[in-house]
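All remarks here apply to the structure that follows.
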There are 2 protein chains.
Amino acid sequence: MPRRVTIGDVAKIAGVHPGTVSRAMNAKTESQVNADTVVRVRMAAKQLGYLPNSIARGLRTSSTMTIGVIIPDLTNPIFPPIVRGIDSYLGPRGYSSVVVNTDSSDVAERSLFESLMQRQVDGFIVATGHSGHSLMREAYDSGVRAVMVNRDSGGVPYPAVVGDDAHGIWASVEHLAGLGHRALTHLEGPSSFSTSRVRAEAFVAACAEMNLEATVIGCAEYSVDEGQRAMDAILETQRTPPTAIVAGNDLLALGVYHSLRAHGLTCPDDVSVVGFNDMPFARDFQPAMTTVRSPYTELGAESARLLLKQIEESVSIAMRVMLPVELIIRDSTGPAR
Amino acid sequence: MPRRVTIGDVAKIAGVHPGTVSRAMNAKTESQVNADTVVRVRMAAKQLGYLPNSIARGLRTSSTMTIGVIIPDLTNPIFPPIVRGIDSYLGPRGYSSVVVNTDSSDVAERSLFESLMQRQVDGFIVATGHSGHSLMREAYDSGVRAVMVNRDSGGVPYPAVVGDDAHGIWASVEHLAGLGHRALTHLEGPSSFSTSRVRAEAFVAACAEMNLEATVIGCAEYSVDEGQRAMDAILETQRTPPTAIVAGNDLLALGVYHSLRAHGLTCPDDVSVVGFNDMPFARDFQPAMTTVRSPYTELGAESARLLLKQIEESVSIAMRVMLPVELIIRDSTGPAR
DNA sequence: ATGAAAGCGCTAACAA
DNA sequence: TTGTTAGCGCTTTCAT
C-alpha cells in the first residue's frame, strides 16, 4: 500500500500548522479556527484524499469509538437483528462495533473479552448473561462500561435491556384460554438462562390466575431436536396429551410440529402450539406459527443508547429497561377440541 | 475506568527497560531476551494484569490486525455462517473482524468503507460484489488488500471465493430430469448479481444438454414475496404450468410454496420445487425443501485465508476459488405427473 | 542481552 | 486565531 497521507501533508499544502489542521478537521474544535482557514484546510484534505487515522487519534484521546459486542452465536437468528439494531444506533454517532461469538463457552468468552480490552474498546454490549457471570463481575469491578442485552445481568449491576417475556407468556396463555384450552404444557428452555425461568414462572402464574392446569417440561437446550424429543415423550407417555403447548421458543415449537406430524396429529386441530421470538420464517412454516415477537432490533438499539449514555456521561445506573412484546396470532392455534 | 497498566509499569516491577518488556512479551522477539528475564517480565505482567495496548502497537507497526467485512445485510441468513467462517480463521491468528452492513446502498458502502479505512483495517472481505464495482476498482488502484466472497469481483482483479453454483444448478436439473420432468422453469434473481446470471446460464445450458424445455422468469429481488408473485403470475398466465421449478434461491422457492398452496396445488405432487442455499430451516418447511447447499462457512474461512496470505506475503493474485456445492434431496421434488 | 532514544499520527494544553 | 510542544503506549534501530 502507498504511504497514507497524514495531517502533516495537509498542513503543508494548506500552509498552516498541523495543529490547526487537526482543529479544522474536527467538528468540536472547528469553531476555534478562522472560517476561511477551515475551508483552505478542508480543500487541501480533499485534494490529497486525507482520511484521519483513528488509531492515532484513539491513542491520543484514549477513546477508540469502538464497542465490543459479545453474543453466543451469530447463526442463532435472534442475534442478527440485535446486532443490526446496535449498529443502527452506533453508526450515525461515529462508533463501530466488533462482534464476537462465544459459542456459550466461558473460556472463549474470557479470551474474546480480553482481546477486545486490548483493542481498547470503549465499552461492551453483552448478550451472554447468565447467573454468576464472574467475567462481568470482574469487569464491573474494574470500571469497564457495559450493558446487558436480551438476558439479565445475573446479579451484576450493569444496565439490562430485555423484552417483557412474562407479558408475552401471559398473552399466550390468555389467548389459549380464550380458545377453550384447559390443560397447558410449557416446554421450558435451559434453566441457566434467566429468560427460561422468567417464561416458566410467568406460565405457571398465568395458568394459576386463569384456573388452568399447568405442566412444565424442561428442555436441555433451545433446539428443534430437543423440542421434538420433548413432545415425543409427552405423546408417548401421557394418556391424555395436552391440547395446547406453550413452547419456550420457536425452535422448540418447530420441534413440536415435527413430533406432531410424526405421530399423525395435526396442528392446530389436535394440538395448538405457541412459539416465542417470531424468528424469521415463523410465518412460513406449516401452519404459520403463532408466536411472541420480541423487538430485537429495538433491544439492540436501546442497549447501544444506554451504553453511549454511560460512556459519555460517565454514570452507570443498574436500570432494567423492559421493551413490550407482541403476540402474533397465526395458524398454529385454534379452538380446543 | 482506572488507568490501564502499561509496559512502563511492568518494566519498573521487573526491573528492566520498557524495550526489554516489549521484546519479552512478543513471541517473535522473545528469543532476543535472556530466558529468565522473560520469566521475570512475564510474572510482573501477570501480577499487574498487564494487557498490551493494541492501538499503540498498531500505530507503531501500522498493522491493526483487523479486517473489515462488508456484507449487504446480516439478517439475510446466508451471511452469518460466512461471517463465522471468516472469524473462525481470523481469530486463532490474532485478527479481529469488523462487520458492516450496506443494505445494498452504494452510498452507505462507500462511507462504511472509508470509516474502515480510517480505522486502518489491514484488509477487506467483501460480499457485495456486482459488476462495475467502482469502489473496489479504486480500492484496488490504491493498493488496498481485499478478497471477494460469495460474489464475483465484477472485473476487479481481487481474488474471489465462490460456490460452484453452476454445478448446483446442473445437479438440480439432472435430478428433475431423472424424475421425468420435461419442462422446467427457472426463477432468476436480480441480474445485477453475478450469482443470478451464473445460475440462469447454467440452467439454460443444462436443459439444452438434457433436451428439456427451459423457461426463465426474472425476479426483481431475492425474497419470499417476489417468489410468490412470480409463481402466481406463472400459474395465472400459462395454460400448462411447468411441473418443476428451479428457484434462484430458497427465499424464492418458499414464495413458490406459498403460491402453490394459495392455488390449491400441492408440492411435489403437482409441482416439484428446488431451492438454492439450504438456508436454516429449509428442512423444516412443508415439504422439506430440496435445495443446493453452499458451503458458506468454508467460503468465509477460505476468503479469510486468502486475505491473510495476501497481507502476509504481499502478493495478490486474481484467482477464483470455487468450492463444491451439494444437492440436498428432500421432499419438495417428486416424479412428474 | 539490554538500554537509550526516536517516532508512528494525532490532540490538547499552553504560548504568542 | 494560530503555532509550539509534549506525549498517548508501543516497537525498533542503534549503541553499549
Completion exercise
Of L59(B) and G19(B), the one whose closest nucleotide on DNA chain D sits nearer the 5' end is L59(B)
Practice task
Starting at atom CD of Q120(A), determine the distance to atom P of dG9(D), rounded to an integer number of angstrom.
Solution key: 9 Å
Exercise for the section: Verify the contact: side-chain N or O of T20(A) to OP1 or OP2 of dT2(D), cut-off strictly under 4.0 Å; return yes or no. Expected result: no
Practice task
To the nearest Å, give me how far apart CD1 (I7(A)) and C1' (dC8(C)) are.
Solution key: 14 Å
Practice task
Starting from C1' on dC10(C), measure out to NZ on K28(A) and report it in whole angstrom.
Solution key: 16 Å
Exercise for the section: Establish whether the base of dG9(D) is bridged to the side chain of R60(A) by a donor-acceptor pair shorter than 3.5 Å. Expected result: no
Completion exercise
By nearest-nucleotide position on DNA chain C, the 5'-leaning member of V38(B) and A56(B) is V38(B)
Problem - Whole-Å gap separating P (dG9(D)) and CZ (R4(B)) - result: 9 Å
Exercise for the section: Starting at atom CG of L51(A), determine the distance to atom C1' of dC10(C), rounded to an integer number of angstrom. Expected result: 14 Å
Practice task
Kindly say if S62(B) contacts the phosphate of dC8(C), meaning a side-chain N or O under 4.0 Å from OP1 or OP2.
Solution key: no
Practice task
State, with a plain yes or no, whether a side-chain heavy atom of R4(B) is found less than 4.5 Å away from one of L51(B).
Solution key: yes
Handout entry: Whole angstrom value for the distance that separates C1' of dC10(C) from CG of N26(A)
Key = 11 Å
Completion exercise
Which of dA4(C), dC10(D), dT5(D) is nearest the side chain of H17(A)? It is dT5(D)
Handout entry: Rounded distance in Å - CG (N34(B)) to P (dT2(C))
Key = 4 Å
Practice task
Assign T6(B) to base, sugar-phosphate, or nothing according to its heavy-atom contacts below 4.0 angstrom with the strands shown.
Solution key: sugar-phosphate
Handout entry: Under 3.5 Å side-chain donor-acceptor pair for T66(B) and Q120(B)
Key = no
Problem - Atom-pair distance (CD on Q118(B); P on dC8(C)), nearest Å - result: 20 Å
Practice task
Looking at every strand, decide which applies to T37(A) at a 4.0 Å heavy-atom threshold: base, sugar-phosphate, or nothing.
Solution key: sugar-phosphate
Exercise for the section: Check the side chains of R84(B) and T297(B) for a donor-acceptor pair under 3.5 angstrom, ignoring hydrogens and angles. Expected result: no
Exercise for the section: Assess the pair F113(A) and F124(A): is the distance between their ring centroids shorter than 6.0 Å? Expected result: yes
Problem - Check: T75(B)/D73(B) side-chain N/O donor and acceptor closer than 3.5 Å - result: yes
Handout entry: Comparing T61(B) and Q32(B) on DNA chain C - which has the more 5′ nearest nucleotide
Key = Q32(B)
Problem - Options dT11(C), dC10(D), dT12(D), nucleotide nearest the side-chain atoms of R23(B) - result: dT12(D)
